[in-house]
Amino acid sequence: MKSTVKRLVSATAAAALSLGIAAGAQAASHSETFKIGVVTFLSGGAAESFGVPAWNGGKLLIDMLNKGELPAPYDQKGFGGLMIEAIEIDEAGGATKQVQEFRNLVQREKVDAVLGYVSSGDCLAVPPVAEELKAFLVLYDCGTPRVFEEGSYNYVFRTAAHAAMDNISLAKYMTSRGIKVGSFAGVNQDYAWGHDSWADFVASMGVLMPDAKATTSLFPKIFAGQYGTEISAVMREKPDLLHSSLWGGDLQAFMLQASARGIHKRMQIALAAGDHVIPQLGQKMPDGIILGARGMNGLAAHAKGGELVDLLWDRYKAEYGVFPVQAPFRMWQGLLGVKAAVEKAMKANGGKKPTAEQMAAAMKGLTWEAPSGTITMALGNGHQAIQPNAIGTTKWDEAAGEMTLVDVEYYDAECVNPPNGVKAVDWIKAGFPGAKCD
Amino acid sequence: MDLILVILVDGLIYGAWLFIVSVGLTLVFGVLGILNLAHGSLYAIGAYSTATAVGIYFAYGGDAFPLGSYAVMALAALLVAVVIAPLLERGLLRHFYHRDEVIGVLVTYGVFLILEDAIKLIWGVDPLFVYEPYDLLGMVEAGPLFYVAYDFLVIAVSAVAGFAVWYFLNRTRRGKVMLAVIHDREMSQTMGVNVDKVFLLAFGAGVFLAAFGGALTAPMISVSPGIGVNVIIVAFAVIIIGGLGSIEGAALGAVMVGISRAASVHLMPELELFIIYFVMAVVLIFRPEGIFVRTQTRKI
Amino acid sequence: MKALSDIRVASLLALALLIGGGLALPDWALFLMTIGLAKALVSLGIVVQMRAGLVSFGQGLFFCIGAYVAGLMANFAGLTDIFVLTGISVMACLAIGGIFGPLLANYRGIFFAMLSLSLSMILYGILSKMNSLGGTDGLNVAAPTFAGYAPEGRALSLSLYLYTSFIVVAIGAILRTGFDSQHGLVSLAVRSNELRVEYLGASVRRTNAINYVISAMLGGIGGVITGLAIGHVDPEYAYWTTSGEFVFVAILAGYLSIPAVFAASIILELVRSFSNLYFPNTWQMVLGVFLLVIILTLPNGLGSLFHRRREGGS
Amino acid sequence: MSTSASTGMPALETRGLMKSFGAVTAAHDITVSVPERAVWSLIGTNGAGKTTFVNMVTGYLHPDQGTILFQGQDITGLGPREVTRAGICRSFQIPQLCSELTVLENVLVALAIADPKPPSFFRKARESAAEDRAMEILKRFRIEEHRGRLMTELSAGVRKLLDIAMSMCGHPKVMLLDEPTSGVAAEEKFPIMDLVMEALAAENVTTLFVEHDMDIVTRYSDRVLAFYDGRIIADDAPDEVLNDPQVQRYVTGTAPAEASS
């Protein structure tokens, strides 16, 4: 008899306990602010190169927007007069966790929009949920082309170009600068980003430099940190060009170990997303490295200049002591895109806080100016941005004591991005039909 | 022929690194019976401390005697051990010696979670660099390739560290006492061995070796968040291959994994991700408890 | 017979409470409960093995297989019926568990833990490499249907939650019977003294293998539900930290009580979610401290709070 | 499990058993032939090879050389489980009990396993028939009042009895008792042996027991094997063996006080 009671008590107690905790933990507040959930890496390997600089830039810009410190057309305070209130969530922990946290942001915290996601796995996992919940979601950073090539969404937008652009531009740079490439090798991380980047680069080279031979392609584990064996293998191979889409600590470690062994003196190195390690590596980044910034970001944007770029560049540098690399630029273009969409929607609805539907309608096909150039929602039926790109070569400026980019080539958005409805890989293999380059 | 030489050299360099990051783990397991999941975090703390200490050294006139930075690295690792080992061992781990090994794994998993954020709170997320020691010794031409001389220094240091641990355990009185504790904790206690002291000493040595692994690695990487996580899994694999608790085993396991991995990168790069598990599976099929194992027959 | 009716009464009561509570819960909490309960099934698989003294650090293997089988069936064979998907995943886990179970049953303690961990890491590696299955980015999974019924929005969340509740209660009842069975008692004996069990004439290996297969199936069911609820599967399901969380919940709950496993799992989900919100920079630390406090204060787990092993009479 | 009636064949036979651990030879050409229903004792100092002999017969150790026959069948090389299933059970010098289970549950485990079918996932362990049988067994060994206790709460004597009671659940043909009274208070030794021997005799179990106490040896066994240095140095009726000068010299006379090995 005792055991019956115990069993009953324990089963019901456990159920009640969990239900009670779940029900009790609810919080919601409403006022006339625009609540935006920001999800980016605050811990783990992608924090220092992407998450934290992006959010540093984001905090700075939100603050400036709330004070109305930006020039026209962004001179309205906040988003159309609504003060911006941001809730930050750490992106570390995997896609499963992010789906749950996204639901919590929308259903529990009642945010008006979510801006986030660096990891392409998260960018694939979250959109269907946004669609299900009819929540306005802006992907600001991730690179995989699959999001809008495999799916179609009403409430989901990506304000940054996908990664195909990086490697197409890199290959174009070889031809336009007349760099002789008889053979090329690759060191890319062993996950979707690394494999996609290498595939795009090989395909682009196949079109632009059909005689160049792809030799060895190495895929070290992500966050491996030790590249001695890979460096030996590449040095033994002696290719003319070494392609890499490594990023963050991996790229820094690779450059340290590779340059110590003089690899850059024996072959040309091309880094698809390499700009963001310049502030940390400083002079340890050798001269003559060809690199991109996943858009006209960082040094390339600064070299071109402009009111918006100069303002944010100086404020960022003053605040954080380093210049902004690609990540804050993408955060800025995302936030400004949301601002443009919200204000467009408010114009249409008579100045009320817009609903998710209204924001989505406003953002579809939108064009706006960002520090990184003109952003156009051209792909994925108006949900996927294209943007101009830039590739340059590193050169240490002895007088100023800082790294600069020289021989920068700028590419129009429509020159290095496929037209609407065409998959990036197919477009490359077909020889870039309809590309508009000057 | 060149290829074989290159594979051997690359394999040894990587194996030496593997050994130095895993030997502390196997030592702690051997003596305390705790498989320390926080080992990777201690490695990271060692790397961060080294980065900070060597940075200070060069900022305050270390350029005059750059080789001194090697001493600074060792001292930084020692400092980590002196500060953290008593805190963790006395404050936490000793409550779990009588519990299941798996509880030990879980406790150190908790420590790992805490330390990862603690590192972030102390050093932030910006990477630190200390490449001076890496460049100091120049390059070495080996066959068709150039190597950084520092890589060979790592091999030498790793060999010395391994020998020192082995010598201490097998040839000194204190080390023999430690072996006795490994063999039979209760018996040693009844024979008047101060087991507490032995445990603290062993854990301290384990922390030092972890931190020292980090210190040696710091000059060739960007010291940034998350560097410790990935060390744990490889270190585990190495010591499982070698036999948990065996110093010789860790050495052999590290060299086996190192050379297999080098061979894979040079010959079949697509298998690199699996090579460590492959070696582990092969070894365990023939030696279910690793290459070197202290057999324990149960008294009935 | 009396004991059987005990379990029935307890099950019905738990089910009524879960259904009633579910109807009252807000959307986000409903989802959290679904995930918490589904993941608890995986931890329950560890508890089954813990009762015979083994702790698997690789249950992510089956969690991942269950989720991927469902995801692949949904994407490539167009199957969306949750009952069919659950059935197929369980069969897959049964088959794979049946292969590995007898092999792993030779290992004990830390070796068993680490070998099961490496099996799941190998699956992680394979899936990461399979670009046709989405590689590291994984696959999206379409929303499930329930015997022809295709709900959306809140109805979908609620259906999934109710399905999970039914499964959880059914499995809870079956396992309670199993824990009290001959096999269950022999498992406890194996935990205490393997040698004795062999010297009584029973096979420790067989016992462990059976438990492994049971836990494989539980892992598969947890994986199916999680995969369908999240709508996305990726290799992370097999990563060691995922398995680590399952062990955490199993240890937190202890091996004495089945409801404690569900409670522990939901508590972990809540702690994680709220620490993520309130301490975005130090949520791992919060989780770590929580874990240490639990292990220190409740050595036999949460289950020991309401289910003590009797001392002196039953 | 064999049900054959008395065949005249020895219940247990060993031929030339050898076992060494490194340089130490623990068993040297051990050849014995134990007839059915015999009650024999094994004596000798610590390290003389008695437990090694028990461990070899019951499959815990495998002999380097030699054969073990059970009712004429070769069982050399079988493990503890197969040996137990064949009909040879044993008890342990340190009782092997399930420390997290109660006394009753320990017996229930033994009964569940003794069932010819493997332990079922669906059959309740504590069903009333099984509990009744378990209580019967506890009563036979007079430990029924401890049924709800955990192992830590039991005296050494109760543990010894429970250990043997569990081994009896499988209805063995041959039983090997490894020091059934070691560690037990002096006044409990005879009552325990009485209970155990009575239970064994009731089921006609062929019994070998290792013992240091010569009073027990003379009282309960009809033949004694004296071990020294891995060999059998005497094999005869108790009185004869105890009067053997070699036994007096190496086993009983100058033997040091017993301590567990």
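Here the structure is a predicted model, which means the values were calculated and not measured. Every heavy atom of this structure was used, including side-chain atoms; hydrogens, water molecules and symmetry mates were not. The sequence lines fix the lettering, A, B, ..., with proteins before strands; numbering per chain opens at 1.
Within residues 205-217 of chain C, the residues having any heavy atom under 4.5 Å from a heavy atom of chain D are, by residue number, C:Arg206, C:Ile214.
Within 6.0 Å of atom CZ in C:Phe83, more than 12 heavy atoms from other residues, nucleotides or ligands are found, so the atom counts as buried in its surroundings. The local environment of CE in D:Met135 is crowded, with over 12 non-hydrogen atoms from other residues, nucleotides or ligands closer than 6.0 Å. Counting non-hydrogen atoms of other residues, nucleotides and ligands closer than 6.0 Å to CZ of C:Arg108 gives a total above 12. Crowding of D:Gln73 atom CD: a count of heavy atoms from other residues, nucleotides or ligands under 6.0 Å not exceeding 12.
Note that the CG atom of C:Leu200 and the CZ atom of D:Arg85 stand 9.5 Å from one another [nearest 0.5 Å]. Of the inter-residue distances, the one linking C:Leu185 atom CG with D:Lys124 atom NZ reads 10.5 Å to the nearest 0.5 angstrom. The CD atom of D:Gln96 sits 11.5 Å away from the OG atom of C:Ser192 when rounded to the nearest 0.5 Å.
No part of D:Asn106 comes within reach of chain C, as not one of its non-hydrogen atoms sits under 4.5 angstrom from that chain. Proximity to chain D involves both the backbone and the side chain of C:Val197, based on heavy atoms less than 4.5 angstrom apart.
In terms of heavy-atom pairs under 4.5 Å with chain C, the best-connected choice from D:Asp163, D:Ile113, D:Leu108 is D:Ile113.
Judged by distance alone, the side chain of C:Arg196 and the main-chain N or O of D:Leu97 form no donor-acceptor pair under 3.5 Å.
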Could you walk me through whether C:Tyr199 and D:Met166 pass the side chain to side chain contact (heavy atoms under 4.5 Å, CB included) test, one step at a time? CA-CA 10 Å; C:Tyr199 263 119; D:Met166 287 169 76; over 6 Å; no

Apply side chain to side chain donor-acceptor pair (under 3.5 Å) to the pair C:Arg191 and D:Ser99, showing each step before the final yes or no. CA-CA 9 Å; C:Arg191 175 193 174 85; D:Ser99 51; over 6 Å; no

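Minimum interatomic distance between C:Ser181 and D:Phe122 (heavy atoms only, all atoms of both residues): CB-N, 4.1 Å. Taking both residues in full, the closest heavy atoms of D:Val109 and C:Ala189 are given as CG1-CB, 3.7 Å, listed atom of the first, atom of the second, then distance. Closest approach of C:Gln182 and D:Asp115 over heavy atoms only: NE2-OD2, 3.9 Å.
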